[in-house]
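Here the structure comes first, spelled out in structure tokens, and everything after it is commentary.
Index from 1, following the sequence.
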Amino acid sequence: MSKKIMLCAICNVSSGNCAEDCAYCTQSAKYGADIKKYRQKSIDDIVNEAKIAYKNHALGFCLVTAGKKLDERKLEYICLAARQIQKQIPELMLIACNGIADYESLKELKNAGIFSYNHNLETSEGFFDKICTTHTWQDRYKTNENAKRAGLMLCCGGIYGLGEDENERISFRKSLASLEPFTSPINFYISNPALPISVPRLNADEALKIIRDSANAMPNTRFMVAGGRELILGDRQYEVLENGASAIVIGDYLTTQGEVPSKAIESLKNLGFEFMDKCEH
């Protein structure tokens, strides 16, 4: 029986200048991190990135915008991008990640061809106000409930290594499990000189334990290892697939570089993996 893996690619369609104060995020204007900033990519550029992602065996393609919420301008833009991608690469599973959103807006995304909405809880309810004060954990949870009601699949996870303890990780996973996400991204925090969080970096064994614990807590969810995979795990990064993950992000992340897709694809093929080419619920 062949081993299958789901690959996803991220398209950062608007970058930086975010008014929120999330302490782990280089896109926050508060911290002045040295990143590329732009209001929005052209639809042609987005479609071109989607074509490249599809050639690189990505099944999921995530359209990410900076900022707190999905307002009317963003909604119109993401719907237009989604429809253009659907016309040219209908096989791609489109994911939108556009912040806090109401039911009506999410229903419009669904109608435009978006399959899944990504809005991470990030961490436990009890720890959240230590990393963000400009919106609440409840705002995030409610958005996921809205997405489910709108008929979208959920892509909901978070980030580890922010200084949270084991009890907070357990609480976080319980909250995630209550939403029953289709996919759940696991990110590992990587410090940046501009950011206020300064804690020891997770090691590879800790990261793999987090993945195992997540998979055990939520056996019906597909776990996707995303940001920090390369830096935290190094040459052990594909051990995530022996520890409960069945999806990874290929290519670059929002503001950091990832492994070159061709290298990841070659490594996965050498390990005997085939790439999913359609959604398996």
If you compare all heavy atoms of [X] against all heavy atoms of [Y], which two are closest, and at what distance to 0.1 Å?
X    : Y    : answer
G99  : T143 : O-CG2, 3.9 Å
Y238 : R229 : OH-NH2, 4.4 Å
I197 : I131 : CD1-CG2, 4.1 Å
L106 : N146 : CD1-CB, 3.5 Å
L271 : K3   : O-NZ, 2.7 Å
N98  : L63  : ND2-O, 3.3 Å

Next item on the list: Kindly say whether the aromatic ring centers of H119 and Y141 come within a distance under 6.0 Å.
Entry: no
Check: Would F182 and F115 count as a close aromatic pair, with their ring centres under 6.0 Å?
Finding: yes
Hey, could you give me the [atom1]/[atom2] distance between [X] and [Y], rounded to the nearest 0.5 Å?
X    : Y    : atom1 : atom2 : answer
I100 : Q138 : CD1   : CD    : 11.0 Å
L268 : K263 : CG    : NZ    : 12.0 Å
T65  : K74  : OG1   : NZ    : 4.0 Å
C79  : I114 : SG    : CD1   : 7.0 Å
N12  : Q40  : CG    : CD    : 12.5 Å
L233 : D205 : CG    : CG    : 9.5 Å

Notebook entry, point to check: D213: what forms a side-chain hydrogen bond (donor to acceptor under 3.5 Å, both in side chains) with it, not counting sequence neighbours?
Noted result: K209
Using atom types as modelled, flag every donor-acceptor pair under 3.5 Å from a side chain in residues 150-164 to any protein atom, sequence neighbours excluded.
{"from": "Y160", "atom 1": "OH", "to": "R173", "atom 2": "NH1", "distance (Å)": "3.1"}
{"from": "E164", "atom 1": "OE1", "to": "G161", "atom 2": "N", "distance (Å)": "3.3"}
{"from": "E164", "atom 1": "OE1", "to": "L162", "atom 2": "N", "distance (Å)": "2.8"}
{"from": "E164", "atom 1": "OE2", "to": "G161", "atom 2": "N", "distance (Å)": "2.9"}
{"from": "E164", "atom 1": "OE2", "to": "R169", "atom 2": "NE", "distance (Å)": "2.8"}
{"from": "E164", "atom 1": "OE2", "to": "R169", "atom 2": "NH2", "distance (Å)": "3.0"}

Flag side-chain contact, heavy atom, 4.5 Å: [X] against [Y]:
X    : Y    : value
E239 : I211 : no
R201 : I190 : yes
Y189 : I232 : no
L92  : I85  : yes
M224 : C8   : yes
L109 : L75  : yes
K4   : F275 : no
M218 : F223 : yes

When clusters are formed by joining ILVMFWY residues with side-chain heavy atoms under 4.5 Å apart, either directly or through shared neighbours, do [X] and [Y] land in the same one?
X    : Y    : result
L231 : I210 : yes
Y103 : L179 : no
L94  : I43  : yes
I52  : L7   : no
I170 : L121 : no

Next item on the list: Quick one: do S267 and N270 satisfy side-chain hydrogen bond (donor to acceptor under 3.5 Å, both in side chains)? Show the steps, please.
Entry: CA-CA 5 Å; S267 298; N270 289 340; 5.8 Å; no
Margin query: Tell me whether N216 contacts the main-chain N or O of G244 through its side chain, where contact means a donor paired with an acceptor under 3.5 Å.
Written below: no
Check: Any donor and acceptor pair, going by atom type alone, linking the side chain of E206 with main-chain N or O of N203 inside 3.5 Å?
Finding: yes
Residues [X] and [Y] bridged, charged N to O under 4.0 Å:
X    : Y    : answer
E104 : K107 : no
E122 : R140 : yes
K41  : E49  : yes
D102 : K69  : no

Check: Between H57 and F273, does a ring pair (Phe, Tyr, Trp, His ring centres under 6.0 Å) hold up when you go through it step by step?
Finding: CA-CA 12 Å; H57 302 285; F273 281 93; over 10 Å; no
Next item on the list: Just do the side chain to side chain contact (heavy atoms under 4.5 Å, CB included) check on K51 and I89 with the steps written out, would you?
Entry: CA-CA 7 Å; K51 288 176 179 176; I89 322 116; 3.7 Å; yes
Note to self: Are more than 12 heavy atoms, taken from residues, nucleotides or ligands other than E145, located less than 6.0 Å from that residue's CD atom?
What the structure shows: yes
Notebook entry, point to check: More than 12 heavy atoms of other residues, nucleotides or ligands under 6.0 Å from CD of E72: is that the case?
Noted result: no
Note to self: We want to know whether R222 and S246 form a side-chain donor-acceptor pair, criterion being a heavy-atom distance below 3.5 angstrom.
What the structure shows: yes
Notebook entry, point to check: Can you check side chain to side chain contact (heavy atoms under 4.5 Å, CB included) on T183 and M6, steps first, answer last?
Noted result: CA-CA 10 Å; T183 53; M6 178 175 154; 4.3 Å; yes
Item checked: Intermediate values then yes/no, side chain to side chain contact (heavy atoms under 4.5 Å, CB included), H135 and F128 -> CA-CA 10 Å; H135 62 268; F128 188 81; 3.7 Å; yes
Next item on the list: Could you check N118 against N120 for side-chain hydrogen bond (donor to acceptor under 3.5 Å, both in side chains), going step by step and ending with a plain yes or no?
Entry: CA-CA 6 Å; N118 172 218; N120 292 336; 3.0 Å; yes
Next item on the list: If a pair satisfies salt bridge (Lys or Arg N to Asp or Glu O under 4.0 Å) and one of its residues is in residues 174-198, list it, with sequence neighbours excluded.
Entry: K148-E180
Note to self: Using the rule given for side chain to side chain contact (heavy atoms under 4.5 Å, CB included), can you reason through S175 versus F172, listing the C-alpha separation, both sets of side-chain angles and the distance that settles it, and then say yes or no?
What the structure shows: CA-CA 5 Å; S175 297; F172 168 50; 5.5 Å; no
